[in-house]
Amino acid sequence: MCGIIGYVGPGPATPRILSGLQRLDYRGYDSAGVVVLDGDRIRVEKMPGKLDHLLDHLKKMPAMNGCVGLGHTRWATHGGPTQRNAHPHLSHRATVAVVHNGIIENHEELRRRLRKRGYRFASETDTEVIAHLVEDHYRGDPLEAVRRAINQLDGSFAIGALFRDHPDVLIGARLNSPLLVGYGEGANYLASDAPAVLPFTRKVAYLEDRELAEIRPGGIRVIDAGGRPRDPKVIDITWDFASAAKEGYPHFMLKEVYEQPRALADTIRGRTNRQHLHFPELEIPARRLRAAKRVTIVACGTAAHAGMTAKYAFEELARIPTEVVLASEFRYGDPVIGRDTLAIAVTQSGETMDTLCAIRAAKEHGALALAVCNVVGSSIPRACDGTVYTHAGPEIGVASTKAYTTQIAVLELLAIRLGMIRGTLTREAARPLLRAMERVPAAVEKALECDGGVAKLARKYAGSRNFMYIGRRYNFPNAYEGALKLKELSYIHAEGYGAGEMKHGPLALVDDTFPTVAVCTKGRAYDKILSNMKEIEARGGILIAVANPRDAKVRALARHVVEVPQTIEMVSPMVTVVPLQLLAYHIAVTLGRDVDKPRNLAKAVTVE
Ligand code: AGP
């Protein structure tokens with residue numbers, strides 16, 4: 001997610017904007033920029049890389065004077081992390097400068113239309129479309145120009161706009177992406193979140209969806225997309241900086257667990273519209289995907305669990321043999337892989353050395369290489385023939401959460417696409433799957449309601465020395481994922497098993513000293529997992545069930561039941577993992593662990 005800071009007042013704007021960008025540093029980004037109205041000229045300076053690059057660059061430039069300006073840190077979604085893709089973006093006649101956080105789904109269509117009207121584009125970003133569109137609507141009233149422009153945008157946006165002939169105004173607008181206004185003394189602010197403005201003011205108002213703000217030194221006017229005045233709720237931020245960076249959550253990991261509905265919506269939105277699937281950034285033609293005779297997924301840790309989940313979808317929907325190989329093992333075996341193979345690297349960071357080496361080896365064997373990644377322009381996408389990006393935004397907690405669920409979403413959408421390309425899945429059969437996928441963010445939102453109950457369970461069982469996790473089919477990998485979350489966050493030993501494996505050995509472990517978490521939502525093997533749970537219950541095992549609402553059969557077996565909404569089986573892992581993430585989180589908190597930075601671990605394992 002990008003960071004935005006805007007200032008309008010007696011000035012100077014630049015130092016306040018740079019100070020605000022420094023406070024947004026924690027958000028993760030790959031380029032930074034600043035724009036000020038310096039006399040009658042809009043001046044833009046922007047650099048790829050970290051803020052220091054921009055600061056060093058500014059030292060070599062004439063001072064950026066002016067009393068109104070915007071700053072931006074970019075987390076790339078459309079277009080790599082280059083200088084020309086960095087924000088701010090200027091309109092065609094340099095009358096408007098824009099910064100943006102979010103994803104404009106209809107940017108390609110708008111780009112085509114604006115090109116026909118003579119607009120020339122300097123970048124690959126969706127944001128630049130906004131700058132030209134605002135200029136296209138501009139007749140002297142900045143607020144009206146932005147209002148008309150946003151009514152043509154689909155997707156998510158938090159926008160800041162500055163106008164060449166208005167040295168005393170900033171315009172802000174939002175849809176599905178946070179944006180606030182800050183009330184200062186004789187100056188006012190715009191920001192993507194509170195940390196950026198805390199040094200200047202604690203009085204803020206969060207804009208609602210489809211609201212716009214006209215920000216002047218003497219006051220702030222808010223209207224809705226229809227032009228009707230709005231009366232924003234002004235609050236006093238009591239958080240300190242560290243809490244504000246987590247938006248009030250005690251840890252980044254918990255914030256990221258709660259961001260999953262938005263992350264999933266951003267990842268799924270714009271790719272499905274009941275008729276067909278759309279991966280704008282995937283530069284692999286359908287004929288090459290159609291030629292694949294097998295799929296090999298290479299990944300590590302949580303990303304491998306996402307791959308294991310997707311195996312069921314690739315085989316069920318695309319009827320293509322699919323294997324998941326731990327990236328750290330791939331190169332040291334003798335994989336049977338060649339031109340008939342679609343190799344998929346799944347990775348949040350795009351820098352995991354095991355996965356990078358594995359996908360390079362797959363390419364050397366002639367495979368078609370595709371990355372599923374959360375970081376635009378990172379090493380693994382650059383090593384592949386094509387990439388589909390998750391839009392989870394920066395994931396700061398070492399334990400992967402929103403990256404995992406968005407990886408599953410992308411992989412299952414790819415499985416649907418591949419099935420349609422191979423003719424094993426008709427358009428009609430795909431429709432209910434796409435509808436179910438579009439409903440996942442709401443189902444995850446509902447699943448988050450289990451948090452309080454799970455926290456109680458965590459306090460009750462935090463002293464256990466072992467945990468077992470079991471699941472079947474699409475939820476079998478979640479047994480591994482739940483166990484991994486617990487291990488890496490709380491340092492308690494935990495094992496994940498396919499539930500059918502219990503009687504082949506692990507049942508010998510069962511007694512009343514540790515819990516078994518059973519993911520037993522409705523699915524093709526539902527009756528089977530009930531009998532596996534009976535085996536455990538009969539031996540005094542403590543069962544914690546993740547189940548669909550009002551499931552009497554589960555209630556008869558489990559000591560504790562955590563309910564999550566029922567969905568089709570294919571998408572259920574994105575929902576059932578939520579209580580597993582929260583259980584691991586709350587146990588770790590109960591034990592006083594360093595939740596965001598667990599011992600011995602790194603966020604990206606960039607060595608073999
Ligand atoms: C997951 O919680 C861990 N942090 C770890 O297993 C991680 O998923 C693995 O290292 C892969 O990282 P990547 O997705 O960045 O490639």
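One is the number of the first residue; the rest follow in order along the sequence. What you are looking at is a predicted structure, and each value in this text was computed from that prediction instead of being measured. Whatever order the structure lists them in is the order used to number ligands and atoms, beginning at 1.
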**Asked** How about H72 and N101: does a side-chain donor come under 3.5 Å of a side-chain acceptor?
**Response** no
**Asked** With atoms numbered from 1 as shown, which atoms in ligand 1 lie under 4.0 angstrom from a non-hydrogen atom of Q348?
**Response** 13 (P), 14 (O), 15 (O), 16 (O)
**K522 to Y526, cation-pi by 6.0 Å centre distance and 45° axis angle** = yes
**Prompt:** Out of V346, L489, T302, T352, who gets a non-hydrogen atom closest to atom 12 (O) of ligand 1?
**Reply:** T352
**Asked** Should you measure from each heavy atom of S400, which atoms of ligand 1 turn up under 4.0 Å away?
**Response** 1 (C), 2 (O)
**Request:** Could you tell me whether T355 and ligand 1 have an N or O pair separated by under 3.5 Å?
**Result:** no
**Prompt:** When you measure from atom 10 (O) of ligand 1 to every protein heavy atom, which one gives the shortest distance, and what is it?
**Reply:** V605 CG2, 4.1 Å
**Asked** Atoms of ligand 1 less than 4.0 Å from A303 heavy atoms?
**Response** 8 (O), 14 (O)
**Request:** Output the list of atoms in ligand 1 that are nearer than 4.0 Å to some heavy atom of A399, sorted by atom number.
**Result:** 2 (O)
**Complete:** If you scan protein heavy atoms around atom 11 (C) of ligand 1, the nearest is C300 O, 3.5 Å
**Item:** A604 touching ligand 1 at heavy-atom level, < 4.0 angstrom
**Value:** no
**Request:** Check the surroundings of atom NZ in K603: do more than 12 heavy atoms from other residues, nucleotides or ligands lie under 6.0 Å from it?
**Result:** yes
**Message:** Using the rule given for side chain to side chain donor-acceptor pair (under 3.5 Å), can you reason through Q407 versus T390, listing the C-alpha separation, both sets of side-chain angles and the distance that settles it, and then say yes or no?
**Reply:** CA-CA 6 Å; Q407 284 162 359; T390 51; 5.9 Å; no
**Request:** Could you list which atoms of ligand 1 come closer than 4.0 Å to a heavy atom of K485?
**Result:** 1 (C), 2 (O)
**Message:** Could you identify the single nearest non-hydrogen protein atom to atom 15 (O) of ligand 1 and state the distance to 0.1 Å?
**Reply:** S349 OG, 2.7 Å
**Item:** Side chain, backbone, both or neither: the part of T347 lying under 4.0 Å from ligand 1 by heavy atom
**Value:** both
**Item:** Carboxylate-amine/guanidinium contact E364 R360, below 4.0 Å
**Value:** no
**Complete:** Looking only at protein heavy atoms, what sits closest to atom 2 (O) of ligand 1 is E488 OE2, 2.5 Å
**Asked** Counting only heavy atoms, which portion of E351 has something under 4.0 Å from ligand 1: side chain, backbone, both, or neither?
**Response** neither
**V398-ligand 1 polar pair, N/O distance under 3.5 Å** = yes
**Request:** Decide whether N478 and Y404 meet the rule of one side-chain donor and one side-chain acceptor closer than 3.5 Å.
**Result:** yes
**Item:** Sidechain N-carboxylate O distance under 4.0 Å for R599, D594
**Value:** no
**Item:** Under 4.0 Å to a heavy atom of G301 - the qualifying atoms of ligand 1, by number
**Value:** 6 (O)
**Prompt:** How close do L411 and A306 get, heavy atom to heavy atom, and via which atoms?
**Reply:** CD1-O, 3.7 Å
**Request:** For K446, look at atom NZ and say whether over 12 heavy atoms of other residues, nucleotides or ligands are found less than 6.0 Å away.
**Result:** no
**Item:** Side chains of I104 and F157 in contact at under 4.5 Å (non-hydrogen atoms)
**Value:** yes
